[in-house]
Undergrad: 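There's a structure below that I have some questions on.
When reading the values below, keep in mind they use all heavy atoms of this one structure, side chains included, and skip hydrogens, waters and symmetry mates.
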Amino acid sequence: PEDGGGEEEATMTCEQAEGVADQLKGEGRFEEAADTWENIIAACGESAGRFSALGVCRWHAGDVPAGEAAFLRAVELDPERASAYANLASMTFMDGNIGKAEERAKDCIKVAEDVGMDGVKGGCERLLAKITVAKQTIEEQERLLKAHLA
């Protein structure tokens with residue numbers, strides 16, 4: 001029949017697609033989840049939440065530059081998104097960029113404090129403490145190496 005013969009269109013809402021992406025992420029299928037988030041962003045529009053989720057997936061899939069780009073877009077869209085700052089700081093620290101991680105942890109603490117997200121603030125304060133220890137350890141190692149080579 002010309003009316004389509006009762007075939008149903010296989011489409012899902014943006015909310016349903018987000019559920020699929022979250023499920024993939026929860027199953028540890030980060031690359032697939034990231035691809036799904038990119039499709040969602042293309043079809044449903046940009047939002048800080050979508051870019052933040054994409055950042056987590058790209059980061060955990062091992063693509064730090066793409067994770068960073070997604071988190072930066074999230075904070076560009078919503079400068080008060082403390083969780084994106086926290087993820088940026090953590091990812092940067094784990095990637096070994098101590099100086100940039102310190103800056104980002106401080107940004108996270110300020111934003112989280114400004115928006116009243118005490119849990120995120122506390123997490124970033126703990127991260128900043130780890131960064132401080134890492135910096136001190138690096139400085140001590142450099143001092144010992146210099147003394148050894150002298």
Undergrad: Answer yes or no: is there an ion pair linking R73 with E76, defined by an N-O contact shorter than 4.0 Å?
TA: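 Salt bridge present between R73 and E76.
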Undergrad: Verify salt bridge (charged side-chain N to carboxylate O under 4.0 Å, His left out) between D35 and R58, making sure each step is shown before the conclusion.
TA: CA-CA 9 Å; D35 292 343; R58 286 292 178 217; 2.9 Å; yes
Undergrad: So, taking the atom named CD in Q141 and the one named OG1 in T137, what distance separates them when rounded to the nearest 0.5 Å?
TA: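 Between Q141 CD and T137 OG1, I get 7.5 Å after rounding to 0.5 Å.
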Undergrad: How long is the gap from OG on S47 to CZ on R81, to the nearest 0.5 Å?
TA: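 One gets 7.0 Å once the value is rounded to the nearest 0.5 Å.
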Undergrad: Hey, any chance I40 and L54 share a hydrophobic cluster, counting ILVMFWY side chains that come within less than 4.5 Å of each other, even indirectly?
TA: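 Looking at the clustering, L54 is in the same group as I40.
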Undergrad: Under 3.5 Å, is there a donor on one side chain and an acceptor on the other for Q23 and E27?
TA: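 Yes, side-chain donor-acceptor contact under 3.5 Å.
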Undergrad: Examine V64 and F71 and state if one hydrophobic cluster contains both, with Ile, Leu, Val, Met, Phe, Trp and Tyr joined whenever side-chain heavy atoms are less than 4.5 Å apart.
TA: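 Linked within one cluster.
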Undergrad: What is the distance from atom OG of S83 to atom CG of L88, rounded to the nearest 0.5 Å?
TA: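 The OG atom of S83 sits 10.0 Å away from the CG atom of L88.
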Undergrad: Could you report the tightest heavy-atom contact between A33 and C57, atom names first, then the distance?
TA: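 Taking A33 first and C57 second, the nearest heavy atoms are CB-SG, 3.6 Å.
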Undergrad: With side-chain contact (heavy atoms from CB on, under 4.5 Å) as the test, would you mind laying out the steps for Y85 and C124 before giving the verdict?
TA: CA-CA 9 Å; Y85 286 96; C124 288; 5.9 Å; no
Undergrad: How many angstroms lie between CZ in F93 and CD in E102, if you round to the nearest 0.5 Å?
TA: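 Between atom CZ of F93 and atom CD of E102 there are 11.0 Å.
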Undergrad: Using modelled atom types only, decide if a donor and an acceptor are shared between the side chain of R50 and the backbone of C44 within a distance under 3.5 Å.
TA: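 It does hold such a pair.
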Undergrad: Report yes if some heavy atom in the side chain of L144 is under 4.5 Å from a heavy atom in the side chain of H148; otherwise report no.
TA: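 L144 vs H148: side chains apart.
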Undergrad: Locate the shortest heavy-atom distance separating F51 from E46; write the atom from each residue and the value.
TA: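 What the structure gives for the nearest pair is CE1-CG, 3.5 Å.
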Undergrad: How close do V111 and P79 get, heavy atom to heavy atom, and via which atoms?
TA: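 For V111 and P79, the tightest heavy-atom pair comes out as CG1-O, 3.8 Å.
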Undergrad: Checking D95 against K100 for the side-chain contact (heavy atoms from CB on, under 4.5 Å) test, could you report, in this order, the C-alpha distance in whole Å, the side-chain angles of both residues, the deciding distance, and whether it holds?
TA: CA-CA 10 Å; D95 198 42; K100 189 183 273 189; over 6 Å; no
Undergrad: To check you understand the geometry: which heavy-atom pair defines the closest contact between I131 and A105, and what is its length?
TA: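 Closest approach of I131 to A105: CD1-CB, 4.0 Å.
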Undergrad: Shortest non-hydrogen contact from A86 to V120?
TA: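 What the structure gives for the nearest pair is CB-CG1, 4.0 Å.
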Undergrad: Would you call E125 and K121 a salt bridge, taking side-chain N to carboxylate O under 4.0 Å as the test?
TA: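 Yes.
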Undergrad: Judged by atom type as modelled, is there a donor-acceptor pair below 3.5 Å linking the side chain of R143 to the main-chain atoms of E139?
TA: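 Checking the backbone N and O of E139 against the side chain of R143, no donor-acceptor pair under 3.5 Å is found.
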Undergrad: Can you hop from V56 to M94 via hydrophobic side chains spaced under 4.5 Å?
TA: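 Same hydrophobic cluster.
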Undergrad: From W37 CH2 over to E32 CD, what is the distance, rounded to the nearest 0.5 angstrom?
TA: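 Nearest 0.5 Å value for the CH2-CD distance: 15.0 Å.
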Undergrad: Count the heavy atoms belonging to other residues, nucleotides or ligands that lie under 6.0 Å from CD of E140, then report whether that count exceeds 12.
TA: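 Buried by this count: over 12 neighbours within 6.0 Å.
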Undergrad: Would L72 and L77 show up in the same hydrophobic cluster when neighbours are defined by side-chain heavy atoms closer than 4.5 Å?
TA: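 In one cluster: no.
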Undergrad: Out of T132, I138, T92, which one pairs with I98 under the side-chain contact (heavy atoms from CB on, under 4.5 Å) rule?
TA: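 Filter result, single survivor: I138.
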Undergrad: Nearest 0.5 Å, what's the CG-NZ distance between L127 and K106?
TA: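 Going from CG on L127 over to NZ on K106, the span is 12.0 Å.
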Undergrad: Are V75 and V115 connected in a single hydrophobic cluster, I mean Ile/Leu/Val/Met/Phe/Trp/Tyr linked by side-chain heavy atoms less than 4.5 Å apart?
TA: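 No, V115 does not connect to V75 through the hydrophobic network.
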Undergrad: side-chain contact (heavy atoms from CB on, under 4.5 Å) between E80 and D114: does it pass, once the steps are laid out?
TA: CA-CA 8 Å; E80 295 183 342; D114 289 348; over 6 Å; no
